[in-house]
Structures are given as structure tokens and as C-alpha cells.
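It should be emphasised that the depicted structure is a prediction, and the values quoted were computed from it without experimental measurement. The figures that follow rest on heavy atoms only: side chains count, while hydrogens, waters and symmetry mates do not. Residue numbers run from 1 in the order of the sequence given. Read the numbers this way: they start at 1 and go in the same order the structure lists the ligands and their atoms.
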Amino acid sequence: MDYPGNLFVVAAPSGAGKSSLVKALMELDSRIQPAVSHTTRPPRGQEKHGREYFFLSPEEFDGMVLRDSFLEWAHVHGHRYGTSRHAIEERVAHGADVILEIDFQGAINVKRIFTNAVLIFILPPSWEELRSRLQRRGEDSAEVIELRLKNAASEMAQAREFDFVIINELFERAVFDLKTIVHAQRLKFAAQRRARADTFDALHIP
Ligand SMILES: Nc1ncnc2c1ncn2[C@@H]1O[C@H](COP(=O)(O)OP(=O)(O)OP(=O)(O)O)[C@@H](O)[C@H]1O
Ligand SMILES: Nc1nc2c(ncn2[C@@H]2O[C@H](COP(=O)(O)O)[C@@H](O)[C@H]2O)c(=O)[nH]1
């Protein structure tokens with residue numbers, strides 16, 4: 001699918017810093033809109049229904065799957081997470097730039113549908129730092145942290161499927177990299193759309 005707005009998809013192993021980076025990007029760039037996912041995971045810390053996620057029961061999630069309401073959904077760290085079609089298709093069709101924070105399975109599925117989507121993978125500088133960020137965040141039990149670190153190895157192996165990889169060592173540097181990727185892609189897509197429109201005009205194709 002090709003739409004007037006741009007779709008950016010950010011994935012990372014848990015604790016690499018993608019939510020922090022996306023939040024910082026949105027503070028610098030008012031054109032970027034977040035998409036709130038649905039999940040069966042219980043809220044953690046100060047999370048609020050409708051802000052970080054729509055928190056659903058397994059039955060409610062099943063209902064959305066049966067109604068084909070998800071653009072993509074996946075099992076991640078023992079819970080289900082999904083991106084609603086409604087949240088994306090309508091907004092991108094109307095020219096909005098939307099950013100998704102989802103896992104690598106979701107990112108690859110989104111790219112199959114939105115072939116112009118830009119996939120960005122965030123890596124931590126080291127295993128030690130990844131562990132220490134999860135511990136410092138202080139929102140997950142030791143058991144959950146171990147599960148997320150165990151899953152991180154296979155997630156990181158997917159980085160090569162992505163269009164861009166950012167190493168989030170120095171936070172400000174990583175925000176700059178993310179901002180630069182978004183800006184460069186907007187320019188590229190705008191130029192492609194102009195070139196296509198010019199070709200259609202030249203060929204008198206309505
Ligand atoms: N460059 C950085 N240097 C040091 N700490 C960082 C950096 N980036 C993020 N952090 C911290 O690491 C922790 C994890 O970051 P964050 O919650 O953004 O990760 P995440 O990838 O979104 O994780 P999850 O997928 O579990 O939600 C947070 O406490 C955050 O403040
Ligand atoms: N495939 C999808 N993955 C998603 C979605 N929303 C979030 N996620 C990913 O799940 C893990 C865990 O998130 P957490 O908030 O429990 O730490 C993380 O990788 C998210 O990016 C989604 O809609 N689809």
C-alpha cells in the first residue's frame with residue numbers, strides 16, 4: 001500500500017530505549033503521531049489505559065482478532081500485542097506521519113502491507129547495559145527481566161532485516177540519529193511522489 005503519510009516503525013529488545021527515544025522525537029517533531037497498541041499485558045508503573053496501551057482481557061483481544069481489527073498482532077514475552085488497523089490506515093491515508101513501537105515480528109508484517117514503511121531497529125551498546133537499564137527502570141520483576149533478556153538475543157538477530165539500525169549509547173546522539181532518519185525519509189518520499197506526479201502529467205494520465 002502507498003499512502004500520502006509516512007509510517008515509521010521502531011523495534012528493539014526490551015530496555016534498549018525505544019519508548020524513551022520515540023517520546024523525545026515526538027517532543028521535537030510535532031508532525032509525528034504515536035499509535036497506541038492493544039495488549040493483554042497488565043499495566044506497569046504509571047501506565048494508563050489509552051495512553052501507553054489499550055489494556056485488554058484475553059477475551060477482548062480474541063474479539064478484535066476475530067473481527068480482523070488488527071493490522072498485525074504477535075505474542076511477545078508471554079503476552080499478546082496488536083496494532084489496530086483503524087489507528088494506522090485512516091491517519092496515514094490522510095497524510096499523517098505515524099510512528100509504531102512494536103516488536104520485530106510486527107515490524108516485518110507491517111512492511112509487507114505498507115511497503116514504504118521505514119523500519120528502524122534500536123540496539124543497546126552492550127548486554128551489561130541492557131540488563132542494567134531494565135534493572136534501573138525498576139518496573140519488571142527479576143523473572144520478567146530474565147525472560148526479556150533471553151528473548152533479546154533472537155530479537156537482535158533480526159536487526160539486519162531493518163532499514164536502519166541505531167545504537168542507543170549516548171541518548172542525545174541516538175535521538176539525533178532518529179530525527180535525521182525521519183527527516184531524510186520525508187524528503188525522499190516527497191521527491192518520489194513529485195516525480196511520479198510529474199510522470200503522470202507528462203503522459204497525460206489522469
Ligand atoms: N541512552 C540511554 N542511556 C541510559 N539509559 C537509557 C538510555 N536510553 C534509555 N535509557 C533508560 O533505559 C530504560 C529503558 O528504556 P525504555 O523504557 O525506553 O526501553 P524500551 O526499549 O521502550 O523497553 P520496553 O520494550 O520494555 O518498553 C529507561 O529507564 C530509560 O530511561
Ligand atoms: N507486534 C507488536 N508488538 C508490540 C506492540 N506493542 C508493543 N509491542 C512490543 O512488545 C514488546 C513488549 O512491550 P512492553 O511495553 O511490554 O515492554 C516490545 O518489544 C514492544 O515494542 C504491537 O502492537 N504489536
Side-chain angles (χ1 to χ4, degrees), residues 7-27 34-56 61 64-65 69-88 98-114 117 119-141 143-156 158-159 161-162 165-178:
L7 189 57
F8 298 97
V9 184
V10 179
S14 181
K18 68 184 166 311
S19 303
S20 310
L21 290 170
V22 167
K23 188 164 170 271
L25 175 71
M26 287 192 307
E27 280 163 13
V36 179
S37 292
H38 294 67
T39 182
T40 56
R41 155 169 94 60
R44 70 179 175 223
Q46 301 300 309
E47 287 180 336
K48 271 203 188 137
H49 183 77
R51 190 178 63 189
E52 282 80 11
Y53 284 106
F54 293 105
F55 295 98
L56 303 185
F61 199 96
M64 286 190 69
V65 172
S69 304
F70 288 123
L71 184 69
E72 64 74 33
W73 69 270
H75 288 276
V76 192
H77 312 318
H79 299 286
R80 284 183 289 167
Y81 297 79
T83 311
S84 91
R85 279 184 197 288
H86 176 73
I88 313 303
V98 176
I99 194 156
L100 305 182
E101 261 180 70
I102 60 178
D103 88 312
F104 74 89
Q105 308 167 78
I108 289 163
N109 286 332
V110 165
K111 183 89 176 188
R112 289 197 184 111
I113 303 166
F114 287 85
L119 304 194
I120 304 160
F121 200 88
I122 311 294
L123 284 174
S126 67
W127 280 102
E128 295 69 33
E129 177 63 13
L130 185 63
R131 176 183 292 277
S132 123
R133 283 183 192 172
L134 283 169
Q135 288 168 342
R136 282 202 307 265
R137 187 168 69 181
E139 286 179 0
D140 298 299
S141 66
E143 198 185 18
V144 168
I145 291 180
E146 286 316 313
L147 173 68
R148 288 177 176 234
L149 285 170
K150 183 172 157 269
N151 292 340
S154 52
E155 290 168 348
M156 287 200 251
Q158 301 298 321
E161 304 297 324
F162 282 61
V165 176
I166 297 175
I167 298 177
N168 178 21
E169 183 162 23
L170 190 61
F171 187 73
E172 297 308 328
R173 172 68 212 224
V175 174
F176 176 81
D177 289 347
L178 185 56

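Applying the 4.0 Å criterion to heavy atoms of Gly106 picks out, from ligand 2, the atoms 1 (N). Numbered from 1 in the order shown, with element, the atoms of ligand 2 that lie under 4.0 Å from a heavy atom of Arg41 read 14 (P), 15 (O), 16 (O). Near His77, meaning under 4.0 Å from any of its heavy atoms, are these atoms of ligand 2: 12 (C). Below 4.0 Å from some heavy atom of Ala74 lie the following atoms of ligand 2, by number and element: 1 (N).
At a heavy-atom cutoff of 4.0 Å, ligand 1 is surrounded by Pro13, Ser14, Gly15, Ala16, Gly17, Lys18, Ser19, Ser20, Arg44, Glu129, Arg133, Arg136, Arg137, Arg148, Asn168, Glu169, Phe171.
Residue Phe171 qualifies as enclosed at atom CZ: its count of foreign heavy atoms under 6.0 Å is above 12. Within 6.0 Å of CZ in Arg51 there are more than 12 heavy atoms belonging to other residues, nucleotides or ligands. Gln135 CD: more than 12 foreign heavy atoms inside a 6.0 Å radius.
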Scan the side chains in residues 121-128 for donor-acceptor partners under 3.5 Å anywhere in the protein, sequence neighbours excluded, and list what turns up.
| unit_1 | atom_1 | unit_2 | atom_2 | d |
| --- | --- | --- | --- | --- |
| Ser126 | OG | Glu129 | N | 3.0 |

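For the residue pair Arg148 and Asn151, no side-chain donor N or O sits within less than 3.5 Å of a side-chain acceptor on the partner.
The minimum heavy-atom distance between Glu72 and Gly106, with the atom names listed, is OE1-CA, 3.2 Å. Between Ala16 and Arg133 the shortest heavy-atom distance is O-NH1, 3.1 Å.
Not one N or O on the side chain of Glu161 forms a donor-acceptor pair closer than 3.5 Å with the backbone of Ala107.
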Item to check | Pair Phe104-Phe162, ring pair (Phe, Tyr, Trp, His ring centres under 6.0 Å): steps then yes or no | outcome: CA-CA 9 Å; Phe104 74 89; Phe162 282 61; 7.9 Å; no
Item to check | Verdict with reasoning, Glu146 to Arg131, per salt bridge (Lys or Arg N to Asp or Glu O under 4.0 Å) | outcome: CA-CA 9 Å; Glu146 286 316 313; Arg131 176 183 292 277; 2.7 Å; yes
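Residue contact annotation: Lys18 has a non-hydrogen atom under 4.0 Å from ligand 2. The shortest separation from a heavy atom of His79 to ligand 2 is not under 4.0 Å, leaving the residue out of contact. At least one heavy atom of Arg44 sits closer than 4.0 Å to an atom of ligand 2.
Scanning the protein for heavy atoms near atom 17 (O) of ligand 2, the closest one is Arg148 NH1, 2.6 Å. When only non-hydrogen protein atoms are considered, atom 23 (O) of ligand 2 lies nearest to Ser37 OG, 2.7 Å.
The residue from Phe104, Phe54, Trp73, Tyr53 that puts a heavy atom closest to atom 7 (C) of ligand 2 is Tyr53. Atom 3 (N) of ligand 2 has its nearest heavy-atom neighbour, among Asp103, Leu71, Thr83, in Asp103. For the residues Val36, Val76, Asp140, the heavy atom positioned nearest atom 11 (C) of ligand 2 is part of Val76.
Aromatic pair Tyr81/His38: centroids not less than 6.0 angstrom apart.
On a distance-only criterion, Glu72 and ligand 2 share at least one N/O pair closer than 3.5 Å. The shortest N or O to N or O distance between Ser14 and ligand 2 is not below 3.5 Å.
When the side chain to side chain contact (heavy atoms under 4.5 Å, CB included) test is applied to Thr40, the partners found at least two apart in sequence or on another chain are Phe61, His79, Arg80. Under the ring pair (Phe, Tyr, Trp, His ring centres under 6.0 Å) criterion, His77 pairs with no residue at all, not counting sequence neighbours.
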